[in-house]
Structure formats: C-alpha cells, structure tokens
A.B. asks: 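Sharing a structure, written as structure tokens. Questions coming.
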Amino acid sequence: MEATKKNIEKPLDFIRQIVTEDLRTGKHATPVTRFPPEPNGFLHIGHAKSICLNFGIAAEFNGRCHLRFDDTNPSKEESAYVKSIQEDVTWLGFDWGENLFYASDYFDKLYDFAVELIKKEKAFICSLNAEEMRKYRGTLTEPGKDSPYRDRPIQESLELFQGMKEGRFEEGSHVLRAKIDMTSPNLTLRDPIIYRIMNVHHHRTGDKWCIYPMYDFTHCLSDALESVTHSLCTLEFADHRPIYDWVLDVLETPVHPQQIEFARLNLSYTVMSKRKLMQLVHENLVTGWDDPRMLTISGLRRRGYTPASIREFCKEIGIGKRDSWIDMGVLENAARNDLNVIAPRVMGVLDPLKVVITNYPEDTVEDIEAKNHPQNPDMGSRTLPFSREIYIERSDFLENAPKKFFRLDIGREVRLRYAYFITCVSVVKDETSGEVLELHCTYDPETYGGNAPDGRKVKGTIHWVSAAQAVNCEIRLYDRLFLVENPDADKDVNFKDHLNPNSLSSLTECMVEPSLANAEPGTSVQFERQGYFCVDSKDSKPDSLVFNRTVGLRDSWAKRKK
RNA sequence: UGGGGCGUAGCCAAGCGGUUAAGGCACCAGGUUUUGAUCCUGGCAUGCGGAGGUUCGAAUCCUCCCGCCCCAGCCA
C-alpha cells in the first residue's frame, strides 16, 4: 500500500541512529539512559526535551531510563525540588520504575575511587587557594602552569585527603585535583578539581560528609555504576567528554558509557535558565514556580497544557546539534492539536453584553441541546437553558460594521449557537459615555436548534449564555512573559527589563454556562470561538471559578483586521 | 590569536555521491463547516554560509574562507 503523507514516519534523530546501530552490532543488548537533574529548581520545558529523549529511547528500544538526582552540591539543593521533579516526570507520563538514584548514593564509592586515583598518581591534593589556582590555570590562549603541589608524594596526598574527609581543614584550604595536563588547549583538562571541602548539610547524607565530589568526577562514575549505555547531555558538556572518558579509563570501570551531546532547547520570548526563573519567583515578578506564564512543567500544567501536548512538542522539534530558537507558536500549536481532540466544547462569554430578546416570553426557560464535541458524537451532549435575557460577547456586536463582519449590527441576523436566529433591533447606550449597555433583538421561533425551515442562511454563529443561569467567574488571559524574542541577547540590559507588563489580564465579569458550575480543578474545555481553558488548580473554588486560558483558537478574522 | 561545536526556507528539521531537496510551524490561495475553529486541497529553497576543486553526477567528498555558539566556578 502506498504510504500517505500522514503515514510518513519521523526519521530517527542522530542519537537514535547511534542507539539503533549499537543494538544492531550487538554492542549493547538494550539501551540504558538516565535523566540526571540537579535538585536545585523546578523542571522546565527544556528539561522536558531531555526527559522525552531519555525516557523515549528507553521505551522505544525496550531499555530502561533511570531518574538520578545529581546532588553533589548541597549548598544549592533541597529535597523540596526532589519531590517536584518526581511529580513532573511522572505527570509527563514517564516511569523510572525501580531505578531512582542519587549521586549521593555513591559518595562512599566515589571516595574510594578518588583514593584509587591518588594511588595511581593520577590525582593529588592541591593547596593553592582559589585565586592562585585561577592564575595557574592560564587562559584560553596561554597554557597553564603545574601546581607546586602537583608532585606531592602519594602518601602525603592520601593523608591530606583523609584529613579533608575528617573535617580537619578549612573550606578552600585544599582540593583534590586530577593530574591530567596543564597545557591542554581544553581548559577542562587542566588538572580539574574533583573534590572540594564544603561544610554544608546535605539533604540526604546529612552531616556525614564535609567534602563533596565535583560533576566531572561524579557523573561519569555514576553512569558507569548504573551501567548506563548512552549518557545524553547538552552541548556545553562536549568539552568535558575527554574527562568523562579519562576518569573511566584510568579507573578501569566495568562499563564505559558513551556521552553524546545534543542542543538544548531555546524558546522565543522566554528565559530558560533555572537561575533566571528562580529570580522571577523570588522577586515576585511571577506568582511562583507554577505561575501559568512560566515555562516550567508545573506552570504549563497549571496553564492547561497536557502531557501529550508537551511530548508531541518535543517530538516535533527534534534532536540536533545546532543552537536553535523554537517559536512559541510551535508549543501553542501542540497544545491546540491535543486539546482540539479531547476538550469538550462549552460556551463562555469573556466580556458580556446583555441581549434582551423582546419577542421571547418572560419567565420561560427552554432546554437547548448542545453537542459536547461536534466532531466526536461519542462525547455526547448536554442541555443548556435559554431565556429572554442572555449574554453575548461584546466583540460580537459592532455598529456600522463592514460587510465582512459576520456578527451582529442593527438589522443583522445571526445564529445563537444551537438555539435560534436573532436579529438586532436596537441598541441601548449610556447617554453620556456612549457605551453600549444592551441590545434589543428579536428571535425567530421557527429556527429552534439553529436552522431555518425556509432555508435561509446566516453567515455568523455566535456563542451565548442565559443570563439568569450563567455562572459568574474569573478568567485569566496570558500573553508572553517577555516583549522580545531573546531577553538574554543584550548583555547590557537586564532580562527583567524586557518583562511584558501585560502578560496577565484577569477578567472577573465573565459568564459561563451552568454546566461548568462544578468543574473540577485541572479540567480542560474549549470555550467555543475563544480557545482552550483550564480550571485553575490553585485559586478556583466551587463558588468562585477561575479559568486559565491555555491558548486561544486560531483567529483568521483577527488576522484580517490587522 | 587556543580548543570544541554548528551553518539546508521567516522558525525548526530530514537528507549519509544519482530523489521533482521529506515533514512540521508560520504564511498565502481555495473547498467543507451551526466554532471566522477543526478538517480537506493546493502554493511556498533552479537552492543547501561563500569560493574553488574531485566526479559522468556534489547539500552530501576535498581545500580555503566567512559567520554563529560554548569553554578561563572549589556550579551542573
């Protein structure tokens, strides 16, 4: 059968090609990957890319993916973050099973490995202070110089290292360094520090240690201890690959995982670094890590993004080695694609304008049947009340409207979705301000359900809610957090100066259909003709609903007006 | 001026010596539509950072050049 366009499979990215090849040649029977977050902040959309890559490969190739906390710097890390990270990974739809690890699990082994390194004359205790060490390191273009402690006898280094462990020295007085090559053009090879003294309480090991291993020493050994096959990291670690390999070669570990680097995600109109996100949180420029404007996983979740939409986004953007900037529109599109299929349709008016249907009987409430999803009959239908007074969207009325405006104007007829055709007869305005207060319309009783027996057509269908039964609620609309594509681009301007002052607008007079009165937090719906909205998980209460706009519908009319 | 990485459309991204240079986003033009949504159809790189070269044939191989990103934490 001929493959249709829809059936064309996404080609394998370069990492999956490597994995495929390693499986084919028998280098590995099954791939083992890991997602190694440092528990010093919340996960964001950039991490989602890595999570989808690592867990995705494990799932696709029948392997496994470990969740390992890279907790080697207790001065920045907290167990609260450990919890949120686990929640986020799980929510995204991935499962590490039994494979939950911490680099701190390996502190004893790491210490032994360090001793082994000293004994092999591949590491030494250096007693230069930080400033001296910087001088000895050289620069990008000049080689470094050997530390005067480089040839310290093995026994002396061993004893000092023991002393460091026992807390006999001040922070900064000694470090353990790998003995590699001070003249290497790759600065990371100029006798890198692998252990430093830190008199800091660790969230898991407590006060057991006062020396902590550095990333370059810890990460490769952790990977090896877990029999990881493919250690995937971002591009900035490419320079570290030689150390990764050096440590594992010198120490002769049973397995030697392959480090492969890929480009991190950049999204336009946002910042991605944990440091900056934390700044926004701590300076109350957003309401928290889970502020719906934040591109954190928890922010996206609260905003109404589904796990499937984020996974789809990650699949769509692909994996490569180029620095790239993904347009926000791609993320939004992923949300629409998923929500379009799963979100029930309801009616809600963001900016209500009262309409009195003058020829409709007073004190009558009629049942109107409405489909929950016109394209999916399985989602059923619901009943809406209809009465003499309703609310419509203020933007659905325009005086002296142009011909192409398919909505209400005096003398024009539109369809109220699922209900009746109405024709606008007159406008009631505030005498001084000229503001439109309400519309008087007439309805055609023959058009119940939305079709005219005489076959007459209307171009426009608008949404509405019955005034008496409508539920008043708050709806929060979000815009991009920053005004420029790359808030970090200009080094002379603080990224916070680019914050969009209008990134949040809260509408409190909104009216939604009564079926929503008991909507559960986290529920996603489509307000027809408006967009996808989600019941806020923090601030929404049964008697005061709060909706977040996840993303608006495409709006070719708004585009045309520009 | 050291080392590492990367240049295919406005934004991503396939391509792995012979294809009309996939696909998605965006955009444009039509069709369907009781959501100006969705859906459907079509359009959108004589061109692959530039210049040379190898070859019957180059985005793919070679040379030189240009541009962008990363590295001088006792962060990861």
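All chains are named by letter (A, B, ...) in the order of the sequence lines, taking the proteins before the strands, and each is independently numbered beginning at 1.
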A.B. asks: What interatomic distance, in whole Å, is found between C1' of B:G15 and the corresponding atom of B:A22?
C.D. replies: 8 Å
A.B. asks: Rounded to the nearest Å, what distance is computed from the CZ atom of residue A:Arg322 to the C1' atom of nucleotide B:C12?
C.D. replies: 8 Å
A.B. asks: Mind checking side chain to side chain donor-acceptor pair (under 3.5 Å) for A:Arg34 and listing every partner two or more places apart, or none if nothing turns up?
C.D. replies: A:His219, A:Ser231
A.B. asks: Would A:Lys276 count as a cation-pi partner of A:Phe495, with NZ or CZ less than 6.0 Å from the six-membered ring centre and within 45° of the ring normal?
C.D. replies: yes
A.B. asks: Which one, B:C28, B:U38, B:U35, comes nearest to the side chain of A:Lys559?
C.D. replies: B:C28
A.B. asks: Taking a pair as Watson-Crick or G-U wobble with both distances under 3.5 Å, which nucleotide is matched to B:G2?
C.D. replies: B:C71
A.B. asks: Could you measure between the two C1' atoms, the one in B:C56 and the one in B:C65, and give it in whole Å?
C.D. replies: 29 Å
A.B. asks: Quick one: look up who B:G36 pairs with, Watson-Crick or G-U, both distances under 3.5 Å, and put none if it's unpaired.
C.D. replies: none
A.B. asks: Rounded off to whole Å, could you give me the CD1-to-P distance for the A:Ile326 and B:C12 pair?
C.D. replies: 7 Å
A.B. asks: Is A:Arg560 close enough to B:G36 that one of its side-chain N or O atoms is under 4.0 Å from OP1 or OP2 there?
C.D. replies: no
A.B. asks: Using atom P in both nucleotides, what's the gap between B:U60 and B:G2 to the nearest angstrom?
C.D. replies: 26 Å
A.B. asks: Go through the structure and list residues passing side chain to side chain donor-acceptor pair (under 3.5 Å) with A:Tyr212, not counting sequence neighbours.
C.D. replies: none
A.B. asks: Measure NZ/A:Lys321 against C1'/B:A13 and give the value in whole Å, please.
C.D. replies: 16 Å
A.B. asks: Name the pairing partner of B:G7, where a pair is Watson-Crick or G-U wobble with both distances under 3.5 Å, or state none.
C.D. replies: B:C66
A.B. asks: Tell me whether A:Arg204 forms a cation-pi arrangement with A:Tyr102, defined as NZ or CZ under 6.0 Å from the six-membered ring centre and within 45 degrees of its axis.
C.D. replies: yes
A.B. asks: Which base, if any, makes a Watson-Crick or G-U wobble pair with B:C48, both distances under 3.5 Å?
C.D. replies: none
A.B. asks: Between A:Asn486 (CG) and B:C11 (P), how many Å, whole number?
C.D. replies: 14 Å
A.B. asks: Check the distance between B:G15's C1' and A:Phe14's CZ and give it to me in whole angstrom.
C.D. replies: 15 Å
A.B. asks: Tell me whether the side-chain N or O atoms of A:Glu332 pair up with the base of B:A26 as donor and acceptor below 3.5 Å, since no angle test is needed here.
C.D. replies: no
A.B. asks: So for A:Arg554 and B:U35, does any side-chain atom that can act as donor or acceptor lie under 3.5 Å from a complementary atom in the base?
C.D. replies: no
A.B. asks: What string of B, S and - do you get for nucleotides 69-76 of chain B 5' to 3' if you count protein non-hydrogen atoms under 4.0 Å?
C.D. replies: SBBBSBBB
A.B. asks: In whole Å, measure the gap between the P atoms of B:G24 and B:C39 for me.
C.D. replies: 12 Å
A.B. asks: Give one of base, sugar-phosphate or nothing for A:Asn40, where a contact means two heavy atoms less than 4.0 Å apart.
C.D. replies: nothing
A.B. asks: Within 45 degrees of the axis of the six-membered ring of A:Tyr269 and under 6.0 Å from its centre: does A:Arg480 put its NZ or CZ there?
C.D. replies: yes
A.B. asks: A:Arg190 near the nucleic acid: base, sugar-phosphate alone, or nothing, with a heavy-atom cut-off under 4.0 Å?
C.D. replies: nothing
A.B. asks: Could you say whether A:Ile317 or A:Tyr418 is positioned toward the 5' end of RNA chain B, judged by the nucleotide with the nearest heavy atom to each?
C.D. replies: A:Ile317
A.B. asks: Distance check needed: B:C25 P versus A:Lys315 NZ, whole Å only.
C.D. replies: 14 Å
A.B. asks: Under 3.5 Å, is there a donor on one side chain and an acceptor on the other for A:Asn129 and A:Arg134?
C.D. replies: no
A.B. asks: A:Gln375 has an atom CD; how far is it from atom P of B:C40, in whole Å?
C.D. replies: 11 Å
A.B. asks: So that I can tick it off, tell me whether A:Arg382 and A:Glu513 are bridged by a salt bridge, with the cut-off set at under 4.0 angstrom between side-chain N and carboxylate O.
C.D. replies: yes
A.B. asks: Taking the C1' atom of each, how far is B:G49 from B:A9, in whole Å?
C.D. replies: 14 Å
A.B. asks: Taking B:A21 as the reference, what is the distance to B:A59 when you measure between their P atoms (whole Å, please)?
C.D. replies: 9 Å
A.B. asks: Which of parallel (below 30°), tilted (30 to 60°) and perpendicular (above 60°) describes A:His174 and A:Phe169?
C.D. replies: perpendicular
A.B. asks: Which whole number of Å gives the distance between the P atom of B:G47 and that of B:G10?
C.D. replies: 13 Å
A.B. asks: Which of parallel (below 30°), tilted (30 to 60°) and perpendicular (above 60°) describes A:Phe35 and A:His47?
C.D. replies: perpendicular
A.B. asks: May I ask you to say what A:Phe69 touches in the nucleic acid, namely base, sugar-phosphate or nothing, with a heavy-atom cut-off under 4.0 Å?
C.D. replies: nothing
A.B. asks: Quick one: look up who B:A29 pairs with, Watson-Crick or G-U, both distances under 3.5 Å, and put none if it's unpaired.
C.D. replies: B:U41
A.B. asks: Considering only the P atoms, how many Å lie between B:C48 and B:G53, rounded to the nearest integer?
C.D. replies: 16 Å
A.B. asks: When we call it a touch if two heavy atoms are under 4.0 Å apart, what does A:Gln17 touch: a base, just sugar-phosphate, or nothing?
C.D. replies: base
A.B. asks: Rounded off to whole Å, could you give me the CE-to-C1' distance for the A:Met182 and B:G2 pair?
C.D. replies: 15 Å
A.B. asks: Please determine whether a side-chain nitrogen or oxygen atom of A:Ser556 lies at a distance below 4.0 Å from atom OP1 or OP2 of B:A37.
C.D. replies: yes
A.B. asks: Could you tell me how the ring of A:Tyr443 sits relative to the ring of A:Phe386: parallel (under 30°), tilted (30 to 60°) or perpendicular (over 60°)?
C.D. replies: tilted
A.B. asks: Answer syn or anti for B:G73, where the cut-off is 90° from 0 on the glycosidic torsion.
C.D. replies: syn
A.B. asks: Quick one: label A:Arg407 by what it contacts on the DNA or RNA (base, sugar-phosphate, nothing), any heavy atom closer than 4.0 Å.
C.D. replies: base
A.B. asks: With a non-hydrogen cut-off below 4.0 angstrom, is A:Lys404 in contact with a base, only sugar-phosphate, or nothing?
C.D. replies: base
A.B. asks: Have a look at A:Gln526 and say if it touches a base, only the backbone sugar-phosphate, or nothing, with a 4.0 Å heavy-atom cut-off.
C.D. replies: base
